[in-house]
Amino acid sequence: MQDVVKTNPQAGQRRRKRRRRRRGNMSLYYLMLFVVSVIILYILSRTVFFKVENYEISGNSRYSESEILAAAGLSDSENLYNIDLSATAQRIKKALIYIDDVTVSRELPGTIVIEITEAEEFACCQYEGNRYAVISRSGRYLSTEQAEPNEELLQIYGLDLIDVSLGDEFTSSDENKKTIIMNLLDVIDEICPDKIDYIDITDRTDIIMSYDNGRIEIDFGSSLDYEYKMRYLITIIEANLDADATGKLIYISSSSGVSFIPTEGLEELEQSKEIIENMTDTEDTEASEEAEE
């Protein structure tokens with residue numbers, strides 16, 4: 001006769017619940033251990049680990065490494081991950097006028113890399129009557145309040161500058177002028193670098209430029225189709241005019257092309273204008289005298 005083993009269902013359920021409870025407690029324990037470990041590692045990374053051991057600075061010639069680090073507000077006791085890279089770059093750029101751009105990055109295990117792009121004097125801009133400011137290629141003020149223009153640089157007139165301040169990017173009361181001039185400079189850099197001597201944008205619908213140390217005056221017109229017009233005008237100068245030709249090149253339209261007036265023709269035109277003006281003044285005077293009689 002086979003023995004019958006009696007089981008207690010409730011006791012089995014209690015054992016299974018205890019096992020699940022123990023597994024749940026262990027999971028919670030491991031989770032807490034993981035969280036605590038992460039916190040400890042984070043604290044150590046910000047205090048003990050990743051100390052800055054070296055600063056690598058490149059691209060600087062005007063400013064010394066100590067000047068750059070002082071402007072950045074950095075020291076040997078810094079932690080690699082406590083440094084706000086963007087804010088550091090902005091501090092350097094704001095403090096050191098002749099830095100056009102700066103990039104700050106981390107390099108494990110303990111190096112901060114600072115890459116400098118130094119500003120170069122690019123153009124001289126007239127503002128507020130007879131004052132002049134020098135800007136970099138990016139449009140940043142490198143010097144202001146100059147009584148005389150720097151004639152070695154590109155001259156820009158009629159920008160209507162406002163809020164002129166060292167280290168800031170130039171702004172105009174006519175924002176379209178800023179956009180136009182920066183676009184023109186991009187095209188000039190590509191098509192005829194170092195060939196344009198001055199740009200007069202007083203009237204942005206009638207822009208005037210000087211080419212090759214004043215040899216050719218370009219009546220550019222408006223900024224419409226500026227890239228096409230610049231390529232077209234420079235092609236005319238280089239391919240169709242003598243290398244020593246002087247005068248005025250006037251852009252008429254895409255269908256009518258351009259008109260070139262040699263310097264001699266301009267002088268004759270000016271003389272004709274003077275004669276016509278004198279004749280007009282004389283006629284006006286005679287008419288006035290007759291009216292008085």
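Only heavy atoms go into these numbers, but all of them, side chains included; no hydrogens, no water, no symmetry mates. The model shown is predicted, which means the values in this text are computed figures rather than measured ones.
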Could you report the tightest heavy-atom contact between [X] and [Y], atom names first, then the distance?
X      : Y      : result
Ser136 : Phe122 : C-CB, 3.6 Å
Asp100 : Arg137 : OD2-N, 4.5 Å
Ser105 : Leu85  : CA-CD1, 4.0 Å
Tyr63  : Glu118 : N-OE2, 3.7 Å
Cys125 : Leu159 : SG-CD1, 3.9 Å
Gly257 : Tyr232 : CA-OH, 3.5 Å

Looking at [atom1] of [X] and [atom2] of [Y], how far apart are the two atoms once the value is rounded to the nearest 0.5 Å?
X      : Y      : atom1 : atom2 : value
Leu153 : Leu142 : CG    : CG    : 9.5 Å
Ile181 : Ile156 : CD1   : CD1   : 4.5 Å
Glu238 : Asp212 : CD    : CG    : 9.5 Å
Phe220 : Tyr251 : CZ    : OH    : 8.5 Å
Ser222 : Ile180 : OG    : CD1   : 8.0 Å
Lys51  : Leu80  : NZ    : CG    : 11.0 Å

Worked verdict on Ile237 versus Lys195 for side-chain contact (heavy atoms from CB on, under 4.5 Å): CA-CA 11 Å; Ile237 292 173; Lys195 283 293 188 179; over 6 Å; no
Lys178/Asp160 salt bridge by N-O under 4.0 Å criterion: no
Salt bridge check: are Glu190 and Arg231 linked by an N-O gap of less than 4.0 Å? yes
For the pair Glu67 and Asn60, evaluate side-chain contact (heavy atoms from CB on, under 4.5 Å) and give the outcome as yes or no after the intermediate values. CA-CA 10 Å; Glu67 287 177 307; Asn60 59 306; over 6 Å; no
Are [X] and [Y] connected, step by step, through hydrophobic side chains (Ile, Leu, Val, Met, Phe, Trp, Tyr) whose heavy atoms are closer than 4.5 Å?
X      : Y      : result
Tyr98  : Ile135 : no
Ile188 : Ile218 : yes
Leu74  : Ile99  : yes

Going through the distances and angles, do Asp101 and Thr117 end up as a side chain to side chain donor-acceptor pair (under 3.5 Å)? CA-CA 5 Å; Asp101 196 19; Thr117 301; 5.0 Å; no
side-chain contact (heavy atoms from CB on, under 4.5 Å) evaluation trace for Tyr211 with Ile196: CA-CA 5 Å; Tyr211 176 87; Ile196 300 299; 4.1 Å; yes
Tell me whether Asp194 at atom CG has more than 12 heavy atoms from other residues, nucleotides or ligands lying less than 6.0 Å away. no
Has [X] got a side-chain atom pairing as donor or acceptor with [Y]'s backbone, closer than 3.5 angstrom?
X      : Y      : result
Asp84  : Ser86  : yes
Thr171 : Ile162 : yes
Gln155 : Asn150 : yes
Arg106 : Ile83  : yes
Arg140 : Ile97  : yes
Lys177 : Arg204 : no
Lys248 : Phe260 : no
Gln90  : Thr88  : no
Ser259 : Ile250 : no

Out of Leu185, Thr179, Val187, which one pairs with Asn183 under the side-chain contact (heavy atoms from CB on, under 4.5 Å) rule?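 With Asn183 as partner, side-chain contact (heavy atoms from CB on, under 4.5 Å) holds for just one option, Thr179.
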Steps toward side chain to side chain donor-acceptor pair (under 3.5 Å) verdict (Asp203, Thr205): CA-CA 5 Å; Asp203 181 354; Thr205 65; 2.6 Å; yes
Close side-chain approach of [X] to [Y], heavy-atom, < 4.5 Å:
X      : Y      : answer
Tyr55  : Ile68  : no
Met209 : Leu184 : yes
Asp200 : Ile207 : no

Decide yes or no on side-chain contact (heavy atoms from CB on, under 4.5 Å) for Asn54 and Glu107, but give the supporting numbers first. CA-CA 10 Å; Asn54 184 38; Glu107 189 176 284; over 6 Å; no
